[in-house]
Protein chains: 2
Amino acid sequence: MKATREDVAKMAGVSTATVSNVLNDPGKVKKSTADKVLEAVKALDYRPDMIARSMSTKRSMQLGIVLESLANPFFGDIVRGFENAANEKNYFVNICTGFNKLDEYFDNFITRRVDGVFVAAIPYKFNVDKIYNLVQKGIKIVVSGNVCADFRKVSSIEMNHMGAMREIMEYLYKLGHERIAYISGLGKNLAYDLRIKGYLDMVEKLQLPCGEELLIEGKYPYSTGMEDGYQYARQLIDSGKEFTAVICVNDLVALGAMKALKECGIRIPEDVSVIGFDGIEFGKYWEPELTTMSMNKVEFGEKAFEMLYSNMIKGGTSYHEYDMELIVRNSTSQCRR
Amino acid sequence: MKATREDVAKMAGVSTATVSNVLNDPGKVKKSTADKVLEAVKALDYRPDMIARSMSTKRSMQLGIVLESLANPFFGDIVRGFENAANEKNYFVNICTGFNKLDEYFDNFITRRVDGVFVAAIPYKFNVDKIYNLVQKGIKIVVSGNVCADFRKVSSIEMNHMGAMREIMEYLYKLGHERIAYISGLGKNLAYDLRIKGYLDMVEKLQLPCGEELLIEGKYPYSTGMEDGYQYARQLIDSGKEFTAVICVNDLVALGAMKALKECGIRIPEDVSVIGFDGIEFGKYWEPELTTMSMNKVEFGEKAFEMLYSNMIKGGTSYHEYDMELIVRNSTSQCRR
DNA sequence: CTGAAAGCGCTTACAG
DNA sequence: CTGAAAGCGCTTACAG
């Protein structure tokens, strides 16, 4: 059904080794011979079998990318960047979503001998040791999400969350906001979420009257979708605490929060300003349009691949911090109270 | 670095064949022997190499799913269903997005010997022959999107778009709407989009005064995102044609269209009712909440896997049509003109 | 410039 | 119940 390299060799009247050489290292073979081979390849619609190839090269040319979920378009963009760059270098990438199946995925990575994986999500649901286990099996890794992983073992690409949070807080403060809530949905105990730390630092630095009382933490499994944003915002409103601005851990949460605010007759931005993180496209179509701390997600994915690639080819890990950028739209304004 | 089955055999004092037997067909081996092997497996943290295994079994246990883009959450849900079901049966699935790289993906499917692929998108950007080529190489296929593909070669899972469109039109008609626009973004020439046909059939059946003039077609490459919805809606408004309801090819387009309508001071649903397709989660958080023709996307993905699986295991293709369900929310109401 | 041969890590009849 | 051996389709020194 499928032609093998042996069929090609026979048709071209050469050895199988020569076929390989033509395909993998042209120049090593006389042109006239190569032409015969290429002709046979075309005639038989032959494609080399990557599985057999992997057997001898010990490289699968497959990569994995693990995400929390595809429900957040934020990850869709990152995947796009990563995959484009990977395809360029002939890698095939497996998208692995759903933290609930993480162990299975990790097993698969070993078992299927992927060359590298990009763990592109905040890892509050698994132990870093599992990643080291992968490394030990020879798989190269890039992590994201401030894992505080051992940089001698894995590469790390982060967003500058501390800086981003500082910028947001200063922006709001200049607009006159002092009672600024932060709907995190994550927790203070999660060392890798630097946003909470950034927020609390600024609360202190700016001497905001709210202290920690406007910080909303989540609990395991730390879900941060629209429905969560909606619920957390209600919780905040119901608490009766005063606030004039809400920062949300991501745009999805912000969108849910805005719905809750509107339902309670709170006008955005007249009564309360709202800011999200990520810069997903939906925010632009919302009403009001969402102010957000954004970044070039596609580029971020590309960069992650480059780091992984360099680790695979040259060896050696690296660290990179990505700056974010505030996009001001209509969900924020001068404080009117 | 990685233990092989030979290491295990040595440690357990048995042959490599026995190791295989223990792992693949327990019961074939005496318990005491099996125990020794299992112990060695654990001690060495051994995992069988799927690549080598694929070499002999001729099955890669990998599947592909090709989507137009991850930007539409609609596909995220389908992927989830498909992948969950596939994982259950020990398949690993590759998500392939971006029609621009379709040829590369198809090549990869052959080259990497995937066992099957689910083509989950309207195929206006590639030739069906490419799919037949895959089939010829021994790869099983399930298509979606009314490809009109030869059902002897590939399985097909569709949404009942004709029925859905009929239901929508009757729903609107009963609310008093007669000037009903349809923002398709696709084209009449695309035989597989049955929605246009369904729409036009109903325009005729209900004897609507608008005829075909409120149908908005797109052009290659038939993009149907939020921005497209926005532009198409503006185009519709600018045309000066009267309409009291707009059906949109998907929720993304509907969301974009609603933004355009609002910007022009058109109230939803007071002045114009809006309906989308797909039932993505975002619609529920929009203002107004979006009425939509929805379906169980996760289940749809699962069903697609089942069809693929049965084709891979038992052989033989199948056809399945999935019914959709109208979810009425606040973006539609009685016609007030 | 080209080919014979070993090897990658499994599975699977088949013989014992 | 267990093991020896062939085979899956490639690559890669190495010899000629």
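On a predicted model such as this, the values are computed, not experimentally measured, just so you know. Each chain gets a letter, A, B and so on, in the order the sequences are listed, and its residues count up from 1.
- Put simply, B:Arg5 has no side-chain N or O that comes within less than 4.0 Å of OP1 or OP2 on C:dG9.
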Legend entry - Candidate pair A:Glu83 and A:Tyr91, rule side chain to side chain donor-acceptor pair (under 3.5 Å), full reasoning: CA-CA 8 Å; A:Glu83 208 191 11; A:Tyr91 287 91; over 6 Å; no
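- If you check D:dA4 for Watson-Crick or wobble pairing at under 3.5 angstrom, you find it has no partner at all.
- Checking the phosphate oxygens (OP1, OP2) of C:dT12, no side-chain nitrogen or oxygen of B:Asn21 falls inside 4.0 Å.
- Put simply, B:Ser56 has no side-chain N or O that comes within less than 4.0 Å of OP1 or OP2 on D:dC8.
- Each of B:Thr57 and B:Gly13 has a nearest nucleotide on DNA chain D; the 5'-most of these lies closest to B:Gly13.
- In this structure, A:Glu6 atom CD and D:dG7 atom P are separated by 11 Å, rounded to whole Å.
- In this structure, B:Arg59 places its CZ atom 13 Å from C1' of C:dT11, rounding to the nearest Å.
- In this model, the phosphate group of D:dT2 is approached by a side-chain N or O of B:Thr33 to a distance below 4.0 Å at OP1 or OP2.
- Aromatic pair B:Phe118/B:Phe82: ring centres closer than 6.0 Å.
- Separating the CZ atom of B:Arg53 from the C1' atom of C:dT12 is a distance of 12 Å, rounded to the nearest angstrom.
- Mapping A:Val29 and B:Asn24 onto DNA chain C by nearest heavy atom places A:Val29 at the nucleotide closer to the 5' end.
- Counting to the nearest Å, the C1' atom of C:dA13 and the NZ atom of B:Lys58 are 16 Å from each other.
- Aromatic ring centres of A:Phe151 and A:Tyr319: separated by at least 6.0 Å.
- Within the nucleic acid shown, B:Val19 has no heavy atom closer than 4.0 Å to any nucleic acid atom.
- Residue A:Ala52 places its side chain closer to D:dG9 than to any other of C:dT12, D:dG9, C:dC10.
- Taking atom CD1 of residue B:Ile51 and atom C1' of nucleotide C:dT11, one finds them 16 Å apart after rounding to whole Å.
- The distance from atom CE of B:Met55 to atom C1' of D:dT11 is 11 Å, rounded to the nearest whole Å.
- Atom NZ in A:Lys31 sits about 18 Å away from atom C1' in C:dT2, given to the nearest Å.
- Checking C:dA13 for Watson-Crick or G-U wobble geometry (two distances, each under 3.5 Å) identifies no partner in any strand.
- Proximity of B:Ser20 to the phosphate of C:dC10: no side-chain N or O atom is located under 4.0 Å from OP1 or OP2.
- The phosphate of D:dG3 (OP1 or OP2) has a side-chain N or O of B:Thr18 nearer than 4.0 angstrom.
- Remark: P of D:dG9 and OH of A:Tyr46 are 10 Å apart, rounded to the nearest angstrom.
- Between A:Phe109 and A:Phe106, the ring planes lie tilted relative to each other; the angle falls in the 30° to 60° range.
- Salt bridge absent: A:Lys297 and A:Asp278 never bring a charged side-chain N and a carboxylate O closer than 4.0 Å.
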